[in-house]
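Remarks on the structure that follows.
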Amino acid sequence: MSRLNRLLLSTTCFASVLAVPAMAQDAGDQPVTTAQADDAGQAESGDSGDIVVTGSRIRRPNATAAAPITSVTSEAIRAQAAVNIEEVLNRIPQIAPDSQQNYQDSDGRQRIKLRNLGFERTLTLIDGKRVGTMNGVDANMIPTSLIQRVDVLTGGASAVYGSDAVAGVVNFIMNNDFEGIQLNANYNFYAHQNKAGLVSQVASQYGFAQPSRGFATDGGRVDLSLTAGTKLFDDRFHISGYVNYRKADLVPFEARETSGCQLVENVKDGPLSCSLSTYTYHGYVSPRTGANSGNQYVNNPNGTRTFIPYSNAVAANPYSDYSFQRANERWNAGGFASFEISDAAELYASAMWFRDESANGFPARLYSYTAFGSTPYQVNCNNPFLSASQAQVICGAAAGTGTMVPIELRYRFSGVPDLEDRYLNKGLRITGGIRGDFAEGWSYDVGGVYARNQQDWSWSFPGIDRVNNALNVVNVNGVPTCASGTADGCLPLDPFSSYSTVNNSAVFNYLTRDSYGTESTINKLYNVIATVQGDLGTYGIKSPWAEEGVAIALGAEYREDKLESFADQLWRDNMGGADRSLSQHVWETNVELQVPIAQHKPFADLLQFNGAYRLSKYSSNPTTFSTWKAEALWAPIPDITFRASINRAQRAPTVVEAFQGSNTSYGRITTAFNDICAPTITGSTIDPNTGQQIPIYGAPAASREVCAATGLADSLYGSATLLCPTDVGCTYRAGGFTVDPETAYTKTFGIVLKPRFLPGLVLSVDRFLIDLNDSIGYNDYSYFSEGCRLTGSDFFCQMFVRNSDGTLFSNPDGNPQTGFIRQGTTNYYKSKSHGWDFQAQYALPLGAAGRLDFDFSGSLTTMAGGQDSPILLEKNCVGYYGGAGCGQFIPKWSHGLRTTYTTQDQFFSASLNWRHLGPLTNVSNSGEESLGWTPDAVRTTFYRIGAYNYFDLALNFRVDKSFSFRIAANNILDKTPPILPNSYNIGLSRANTISARYDSLGRQIAFGTTINF
């Protein structure tokens, strides 16, 4: 059979299985492999034959990683038909799913969270160097077509890479040695079967529009990339470049039967309803004067210009037009270059640029006057849009006159484009340096990174003056006209009829013209790294039982983070704030050792110890900090390797956290707060002499011993003079802290098996323990006050700074030195992540029939949580969702298993991927007091999400060396996501489900091609 016939036959069979258009991304020429457990994180570097291991600055032949590393290859990325980085990472069990393009509240940037410990504790690298500042990272700047592999290192690596490598490291290894010209063209879309379900049943009770039942295709995304590279001057000079374009179409909430409205459950196990809004197409009207002041009306839907009482029957869906998949458009471009002058000097450089535009749509509305302040709108009582009956309700006796009366109005425009929350992210990352060999067995690398990321956030702030102008309407020759005239472009607004045709785009544009204010934030990284490494074995420094000598790497690093924030006047007038220019820098030095003890000896095919130590001095802290690592590898025989590592890792505060911690401000506590050492007020009585109400005092909330710990004199214990003034309250002081780096002790222990009796099989099991102390976070006065009351610990009680009379109130405008309770960003307590990682790969040759490759990666999480303060119980969120800070949705077990068949001539390959997510239970049914469980909280509905299994299928056809074609389907069975009421109150849940962890939009079909010229 000819190759063309084989291609046509295979394509026809696959399309018939899907019963939908089946198209996908190219997979390249090699079998699909997701991870390599034994050699994960390793790649040859140049012509030296040295191995680069993520987690070490030392490069040498036959290097082996002592810490567990999961690697995702370029073939696996293509098999997934991934358009952006987040889709690649969300399938790695070690990474907490996050989908910045798939939920409404996103700003479009993609950051990575390892082990559910937050993006700020995961260090992201490109070719071993930082992507940018922690505040400014956007991993989607990395083009998927140029990724050679992604290494995910579990555990601390601060001794090697510096701050932030607490949960681990994600290192993107790029194909920076490309030759030729290559075009990658990819397109994917969703092909989902909408069926009536729970949400549509509830939404239909309110008359909300629902998607048509049946097959729907939407959410198209295109990914085009062009890469070119060449070598010159006897291959000593290499240069390559790429340009990448991506675009995604909007998928609104109402396009899926699972999100036709936002489900609300007001009481446990109670009836379900939809979230409702007064911003209806009919228009909401509430007079603010006269006999009907405060009454709520809507314009009669029958178009008669009469009012009917507002009720749920005429309420609106506040989330219609919200984004399930955000519309966005992105350009990436860049290049790589190197020039080998000699073995002693090679110049290298790279540049990566991106520009991403996206928006979160919100319904076009006339907002309540409360969005602008406390002054109601004004409408004239002879407004020609008011019927006689409407004018009577609003104006009373003044109906038909030119009297202006206050009014509350809310209106949703029909047929008018959405108001947008706009984000423009753009950035530039430049690296460069010189590297080479010198002396015997020594090499060096001196280079740096400059990264600049800018985000422009624009939001509309319609002015109340324009609304009032458009409401003051008079009749001019039978034509409703703005009383102020048309000099400013005023057009009359008609909020007094249902679905008013007067309120068109032109009217809305007048109300919102020039109303977009913008805040810009620029993050900059300046990073210089110098490393010298050598093989001390050339000097005879080696173990008598080892073939290789001791390897050493010495390094020095300077890193400066800068943040600038500024805004136009419209933004400042509405949002407040002030321009900021923040920076901090660090000087660091480090040393790393690899010490082989024995190699290829009985009971010691490999015995090796590794270590590293780093000193860091931050400009924002007077103290010098240290991190270190110790690792061991022992392979008694080549088939079995035991590995272990322990790290002391740190995360320094970002420039924002350092500023928030150190910057001092004062204010009044306006909530119902009282000094814990003042008497409690148990009631009141009437003074018989004055007739005035006087309070009845009880004992203070805290004991004498606790109050003494706050600095209170014993004679003032329980004194009424300590009570916060009822008119102004007590005083708080925010900031004034020196925020120390977080410190984590991370440990991993594992075994790697490569049995000789079963060639091609690699198995690994690793235990990880990440224990983080001194977490950086924000705590207000109540955290310290309540903690002091319950424990008397100096950790809490030192935050009381009393006046000489024991009080906690001072004039906040006078920069007081006493008389306040402290709050702000500082170090507080503990976070933990414990578990097991499992990896397996097996290559099964089938002779002339081809080969089968099996690739498995699973993670068993046993602990994810911690302790927010000494007075709280340690909480473990594994397997739970729904509250108590368990917003990451961490199943105990998750895995991926990919099976790939490849023909002997590599013309055809088929890959089936099985993704498994373990079950989750609502914290209400956890039985754990630390998670807020009580017997009364136990639910009988919506208390459990069962295990989910997804299957993905990809077919690749390598027609010849210059052309390949691919079709794929992810979530081929079109499995719908789990449904949760009150989803906006649960972590990052959106649209009645957990959109980042589950395939919320249904089956995805993709096609693509790679053409080499």
Side-chain angles (χ1 to χ4, degrees), residues 278-293 295-310 314 316 363-369 372 375-417 419 462-515:
T278 54
Y279 289 94
T280 77
Y281 292 113
H282 307 300
Y284 170 95
V285 179
S286 180
R288 284 297 182 262
T289 187
N292 296 311
S293 179
N295 290 345
Q296 302 176 72
Y297 304 100
V298 293
N299 298 307
N300 198 320
N302 66 12
T304 57
R305 289 193 183 269
T306 58
F307 291 141
I308 62 173
Y310 171 79
V314 289
R365 298 164 171 166
L366 171 63
Y367 282 99
S368 165
Y369 72 82
F372 310 103
T375 303
Y377 295 128
Q378 300 287 316
V379 64
N380 55 309
C381 293
N382 60 348
N383 188 304
F385 291 124
L386 282 172
S387 67
S389 65
Q390 288 176 318
Q392 184 65 38
V393 171
I394 294 171
C395 302
T401 71
T403 303
M404 304 296 294
V405 296
I407 193 170
E408 163 69 322
L409 298 170
R410 302 171 193 178
Y411 204 98
R412 179 167 178 178
F413 289 75
S414 174
V416 174
L419 198 64
I464 193 171
D465 292 340
R466 288 198 176 184
V467 176
N468 281 329
N469 284 346
L471 284 173
N472 188 5
V473 180
V474 294
N475 197 326
V476 178
N477 299 323
V479 178
T481 306
C482 294
S484 61
T486 59
D488 67 345
C490 181
L491 293 172
L493 173 67
D494 174 19
F496 305 115
S497 66
S498 175
Y499 284 92
S500 172
T501 57
V502 173
N503 298 332
N504 55 25
S505 294
V507 173
F508 188 71
N509 289 340
Y510 166 72
L511 298 178
T512 59
R513 188 192 313 148
D514 303 322
S515 68

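Atoms considered below: every heavy atom in the structure, side chains included; atoms not considered: hydrogens, waters and symmetry mates. Numbers here are sequence positions counted from 1.
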**Complete:** Smallest heavy-atom separation, G489 atom then R513 atom, equals O-NH2, 4.0 Å
**Item:** Verdict with supporting geometry, L409 and F496, side chain to side chain contact (heavy atoms under 4.5 Å, CB included)
**Value:** CA-CA 9 Å; L409 298 170; F496 305 115; 4.0 Å; yes
**Item:** Distance (rounded to the nearest 0.5 Å) between R466 CZ and L491 CG
**Value:** 10.5 Å
**Item:** Minimum side-chain heavy-atom gap P495-V285 below 4.5 Å
**Value:** no
**Request:** Apply side chain to side chain contact (heavy atoms under 4.5 Å, CB included) to the pair C482 and N469, showing each step before the final yes or no.
**Result:** CA-CA 7 Å; C482 294; N469 284 346; 5.7 Å; no
**Asked** Counting N and O atoms only, with roles assigned by atom type, does the side chain of N300 sit under 3.5 Å from a partner on the main chain of G303, one being a donor and the other an acceptor?
**Response** no
**Request:** Supply the atom-to-atom distance C381 SG to L386 CG, rounded to the nearest 0.5 angstrom.
**Result:** 7.5 Å
**Prompt:** Between the main-chain N or O of L471 and the side-chain N or O of N468, is there a donor-acceptor pair closer than 3.5 Å?
**Reply:** no
**Message:** For a quick test of reading the model, state the closest non-hydrogen atom pair linking I407 to P376 and the distance between them.
**Reply:** O-CB, 3.7 Å
**Request:** For the pair S484 and N472, evaluate side chain to side chain contact (heavy atoms under 4.5 Å, CB included) and give the outcome as yes or no after the intermediate values.
**Result:** CA-CA 8 Å; S484 61; N472 188 5; over 6 Å; no
**Request:** Locate the shortest heavy-atom distance separating F508 from A364; write the atom from each residue and the value.
**Result:** CZ-CB, 3.7 Å
**Asked** Does T512 use its side chain to pair, donor to acceptor, with the backbone of S515 at less than 3.5 Å?
**Response** no
**Asked** Any side-chain heavy atom of P417 sitting closer than 4.5 Å to one from S505?
**Response** yes
**Request:** Hey, could you give me each pair passing ring pair (Phe, Tyr, Trp, His ring centres under 6.0 Å) that has a residue in residues 464-490? Not counting sequence neighbours.
**Result:** none
**Asked** What is the distance from atom CZ of R365 to atom CG of L511, rounded to the nearest 0.5 Å?
**Response** 15.0 Å
**Message:** Could you tell me if the side chain of C490 sits less than 4.5 Å from the side chain of Y510, heavy atoms only?
**Reply:** yes
**Message:** Over 60° means perpendicular and under 30° means parallel, so tell me whether Y284 and Y310 are parallel, tilted or perpendicular.
**Reply:** perpendicular
**Between Y369 and E408: side-chain donor-acceptor atoms closer than 3.5 Å** = no
**Message:** If you compare all heavy atoms of L366 against all heavy atoms of Y279, which two are closest, and at what distance to 0.1 Å?
**Reply:** O-CE2, 3.2 Å
**Request:** Identify the heavy atoms of S286 and N295 that sit nearest to each other, and give their distance.
**Result:** OG-O, 2.8 Å
**Asked** Tell me the salt bridge (charged side-chain N to carboxylate O under 4.0 Å, His left out) pairs involving residues 480-505, sequence neighbours left out?
**Response** R305-D494
**Prompt:** Which pair of heavy atoms, one from N299 and one from H282, lies closest together, and at what distance?
**Reply:** ND2-O, 2.7 Å
**Request:** May I ask you to test the V473-L493 pair for a side-chain heavy-atom distance under 4.5 Å?
**Result:** no
**Request:** For the residue pair F307 and N292, establish whether any side-chain heavy-atom pair is separated by less than 4.5 Å.
**Result:** no
**Request:** Measure the spacing between CG of N475 and CG of N383 and express it to the nearest 0.5 Å.
**Result:** 10.0 Å
**Request:** Drop me the distance from Y411's OH to Y499's OH, to the nearest 0.5 angstrom.
**Result:** 9.0 Å
**Item:** pair N380-M404: side-chain heavy atoms closer than 4.5 Å
**Value:** yes
**Request:** Answer yes or no: is there a side-chain heavy-atom contact under 4.5 Å between R410 and Y367?
**Result:** no
**Request:** Enter the distance from S497:OG to Y281:OH here, rounded to the nearest 0.5 Å.
**Result:** 15.0 Å
**Message:** With a 4.5 Å cut-off on side-chain heavy atoms, are I308 and P301 touching?
**Reply:** yes
**Message:** Using side chain to side chain contact (heavy atoms under 4.5 Å, CB included), reason through F385 and S500 one step at a time and then give a plain yes or no.
**Reply:** CA-CA 10 Å; F385 291 124; S500 172; over 6 Å; no
